[in-house]
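Here's the structure we're looking at; comments come further down.
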Amino acid sequence: MKIATWNVNSIRSRQEQVINWLQLNPVEVLCLQETKVIDRDFPREAFESLGYHLYISGQKSYNGVAIFSQKPLEDITVGFSPIIGENLTGELDEQKRLITGVIGDIRIINLYVPNGSSLDSDKYIYKLKWLETLRKYLDKIINYQPEELCICGDFNIALEDKDIYDAKGKENHIMSSAKEREALEKVLEIGLQDAFRKFTSDPGHYSWWDYRSGGFARNRGWRIDHLYLTPQLYEKAVNCLIDREPRKQEKPSDHTPVILEISSQK
């Protein structure tokens, strides 16, 4: 099974690019972030015609997540509140950032972590609260549901210095500050491991490049799109790679897909 994650930065703007990519890379599951469209306006037919079942949670102009799956998913929920309740969720589900469903013995959790804007912003406080709530959400799932977990998406955090083209001075930068990294590490403490780093320990591999200053051409990137796995699923991972090709296209997303391959053997 192949599972991919891709922040498309507007599904309607990148529709043809995603279609073309799926035709070349017919993954079983594709998780999208920043779809930026309300559900009724999502271009469903174009992807359903490729044989995918679509599960979406969107809003106008911002955020939005979707899962495409060749097989129907089960137990679909959107946001934190169906799992941990509205008392712990508060207003966090007003932004469409999380969707989950089960395929076989794997629960896919597709998420778009808030960017945070800057360290002195209210959005930074919101990001840390969102990550704290994610930990509570995953605690509940991992303790009460039997499936192995694949948690993927745009985390907007480079966890290690080698995930950034130049880490000097980035300790006070959004997406690499100590508090953000600590918050993500607390999430991972439930037993999650980085699928990409199972196969590639070297620096220089990125999934996001700023549109400005020739970021992609100069490979001035950040690795902020991740797939994290629970232990048994991690053992079944046989490959995980970053596909740079879509970022080379005209008017691409600033992110590119990350693809995980899971062995079908028990």
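What's counted below: heavy atoms across the whole structure, side chains too, no hydrogens, waters or symmetry copies. A quick note: this is a predicted structure, and the numbers were derived from the prediction, not measured. For the single chain, residues carry numbers from 1 onward in sequence order.
Thr200 contributes no side-chain N or O that, together with a main-chain N or O of Asp202, makes up a donor-acceptor pair within less than 3.5 Å. Checking side-chain atoms of Arg244 against main-chain N and O of Phe216 turns up no donor-acceptor pair under 3.5 Å. Under a 3.5 Å cut-off, the side chain of Glu28 and the backbone N or O of Lys2 do form a donor-acceptor pair. Judged purely by atom type and a 3.5 angstrom limit, Arg247 uses its side chain to pair as donor or acceptor with the backbone of Asp254. No side-chain donor-acceptor contact under 3.5 Å links Ser177 to the backbone of Ile174. Of the possible polar contacts, one joining the Asp93 side chain to the Phe80 backbone as a donor-acceptor pair under 3.5 Å is found. A donor-acceptor contact shorter than 3.5 Å is absent between the side chain of Ser263 and the backbone of Lys236.
When hydrophobic clusters are built by joining Ile, Leu, Val, Met, Phe, Trp and Tyr residues whose side-chain heavy atoms come closer than 4.5 Å, directly or via intermediates, Tyr62 is not grouped with Ile38. Under a hydrophobic clustering in which Ile, Leu, Val, Met, Phe, Trp and Tyr are joined whenever their side-chain heavy atoms come within less than 4.5 Å, directly or via other members, Leu131 and Ile142 fall into the same cluster. Both Ile11 and Ile56 are members of a single hydrophobic cluster when ILVMFWY side chains are connected at heavy-atom separations under 4.5 Å. With hydrophobic clusters built from ILVMFWY side chains whose heavy atoms lie under 4.5 angstrom apart, Leu32 does not share a cluster with Val113. The hydrophobic cluster containing Trp130 does not contain Tyr124, counting ILVMFWY residues as joined when their side-chain heavy atoms lie under 4.5 angstrom apart, directly or transitively.
Between His255 and Trp208, the angle of the ring planes lies from 30° to 60°, which puts this pair in the tilted group. Under the 30°/60° scheme for interplanar angles, the aromatic rings of His226 and Phe155 are found to be tilted.
The CG atom of Leu241 sits 9.5 Å away from the CZ atom of Phe199 when rounded to the nearest 0.5 Å. Residue Tyr52 holds its OH atom at 8.5 Å from OG of Ser69, rounded to the nearest 0.5 Å. In this structure, the separation between OG on Ser201 and CG on Asp194 is 11.5 Å, given to the nearest 0.5 Å. Taken from CD in Glu34 to CZ in Arg14, the straight-line distance is 9.5 Å, to the nearest 0.5 Å. One finds the CD atom of Gln15 at 10.0 Å from the OG atom of Ser10 (value rounded to the nearest 0.5 Å). Note that the NZ atom of Lys186 and the CG atom of Asp139 stand 12.0 Å from one another [nearest 0.5 Å].
Applying side chain to side chain contact (heavy atoms under 4.5 Å, CB included) to Ile141 and the options Thr77, Ile109, Ile151 leaves one that passes, Ile109. Checking Asn7, Thr5, Asn115 one by one against Asp154, the side-chain hydrogen bond (donor to acceptor under 3.5 Å, both in side chains) holds for a single residue, Asn7. When each of Leu128, Ile84, Leu88 is tested with Thr133 by the rule side chain to side chain contact (heavy atoms under 4.5 Å, CB included), just one qualifies, namely Ile84.
The side-chain heavy atoms of Trp6 and Val27, taken from C-beta on, include no pair separated by under 4.5 Å. Annotation: side chain of Glu48 is in contact with side chain of Leu54 (closest heavy-atom distance under 4.5 Å). Side-chain contact between Asp41 and Arg12 is present, with heavy atoms from C-beta onward closer than 4.5 Å. Side-chain contact between Gln33 and Cys31: present, with at least one pair of heavy atoms (C-beta onward) separated by less than 4.5 Å.
In this structure, Arg212 pairs ionically with Asp210, as a charged nitrogen and a carboxylate oxygen lie closer than 4.0 Å. Residues Asp75 and Arg107 are paired through a salt bridge, judged by an N-O separation under 4.0 Å between the basic side chain and the carboxylate. Ion pairing between Lys179 and Glu182 fails under the 4.0 Å rule for side-chain N and carboxylate O.
Other residues, nucleotides and ligands contribute at most 12 non-hydrogen atoms within 6.0 Å of the CD atom of Gln232. Under a cut-off of 6.0 angstrom, the local environment of CG in Asp166 is crowded, with over 12 non-hydrogen atoms contributed by other residues, nucleotides or ligands. No more than 12 heavy atoms of other residues, nucleotides or ligands sit less than 6.0 Å from atom NZ of Lys129. The local environment of CD in Glu189 is crowded, with over 12 non-hydrogen atoms from other residues, nucleotides or ligands closer than 6.0 Å. Residue Glu45 places its CD atom among 12 or fewer non-hydrogen atoms of other residues, nucleotides or ligands, all under 6.0 Å distant. When the shell of 6.0 Å around CG of Asp122 is examined, it contains 12 or fewer heavy atoms from other residues, nucleotides or ligands.
If you chain together ILVMFWY residues whose side-chain heavy atoms come under 4.5 Å of each other, Ile242 ends up grouped with Met1, Ile3, Val29, Tyr55, Val65, Ile67, Leu73, Ile76, Val78, Ile99, Ile103, Ile106, Ile108, Tyr112, Phe196, Leu227, Leu229, Leu233, Tyr234, Val258, Leu260, Ile262. Its side chain outside the 4.5 Å cluster rule for every partner, Ile125 clusters with none of the Ile, Leu, Val, Met, Phe, Trp and Tyr residues.
Residues Pro114 and Tyr126 come closest through the heavy atom pair CG-CE2, 3.6 Å. Pairing each heavy atom of Cys240 with each of Ala195, the nearest pair is CB-O, 3.7 Å. Nearest heavy-atom pair, Lys198 versus Glu235, reported as atom, atom and distance to 0.1 Å: NZ-O, 3.4 Å. Closest heavy-atom contact between Gln17 and Pro246: OE1-O, 4.4 Å. Closest non-hydrogen pair, Arg181 versus Leu159, comes out as NE-O, 3.2 Å. In terms of heavy atoms, Gly204 sits closest to Asn219 at O-ND2, 3.6 Å.
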Exercise for review: Please lay out, stage by stage, how Leu192 and Leu138 fare under the test side chain to side chain contact (heavy atoms under 4.5 Å, CB included).
Suggested key: CA-CA 10 Å; Leu192 299 172; Leu138 294 175; 4.3 Å; yes

Practice item. Give the intermediate values and the outcome of side chain to side chain contact (heavy atoms under 4.5 Å, CB included) for residues Trp222 and Lys170. Key: CA-CA 11 Å; Trp222 294 56; Lys170 296 298 192 299; 3.8 Å; yes

Point to revise | Glu245 and Lys248: CA distance, side-chain angles, deciding distance, salt bridge (charged side-chain N to carboxylate O under 4.0 Å, His left out) verdict | key: CA-CA 5 Å; Glu245 291 303 313; Lys248 299 176 183 178; 2.8 Å; yes

Exercise for review: I would like to know whether Gln59 and Glu94 meet side chain to side chain contact (heavy atoms under 4.5 Å, CB included); could you show each step before the answer?
Suggested key: CA-CA 9 Å; Gln59 64 187 90; Glu94 291 180 5; over 6 Å; no

Exercise for review: Using the side chain to side chain contact (heavy atoms under 4.5 Å, CB included) rule, take Tyr137 and Leu111 through it: C-alpha gap first, then chi angles, then the decisive distance, then the call.
Suggested key: CA-CA 12 Å; Tyr137 171 91; Leu111 51 83; over 6 Å; no

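For Glu86, the side-chain contact (heavy atoms from CB on, under 4.5 Å) partners at least two apart in sequence or on another chain are Ser81. Residues forming a salt bridge (Lys or Arg N to Asp or Glu O under 4.0 Å) with Lys127 (at least two apart in sequence, or on another chain): Glu180. With sequence neighbours excluded, the residues satisfying ring pair (Phe, Tyr, Trp, His ring centres under 6.0 Å) with Phe47 are Phe68. Legend: residues meeting salt bridge (Lys or Arg N to Asp or Glu O under 4.0 Å) with Asp163, ordered by chain and number and at least two apart, are Arg197, Arg223.
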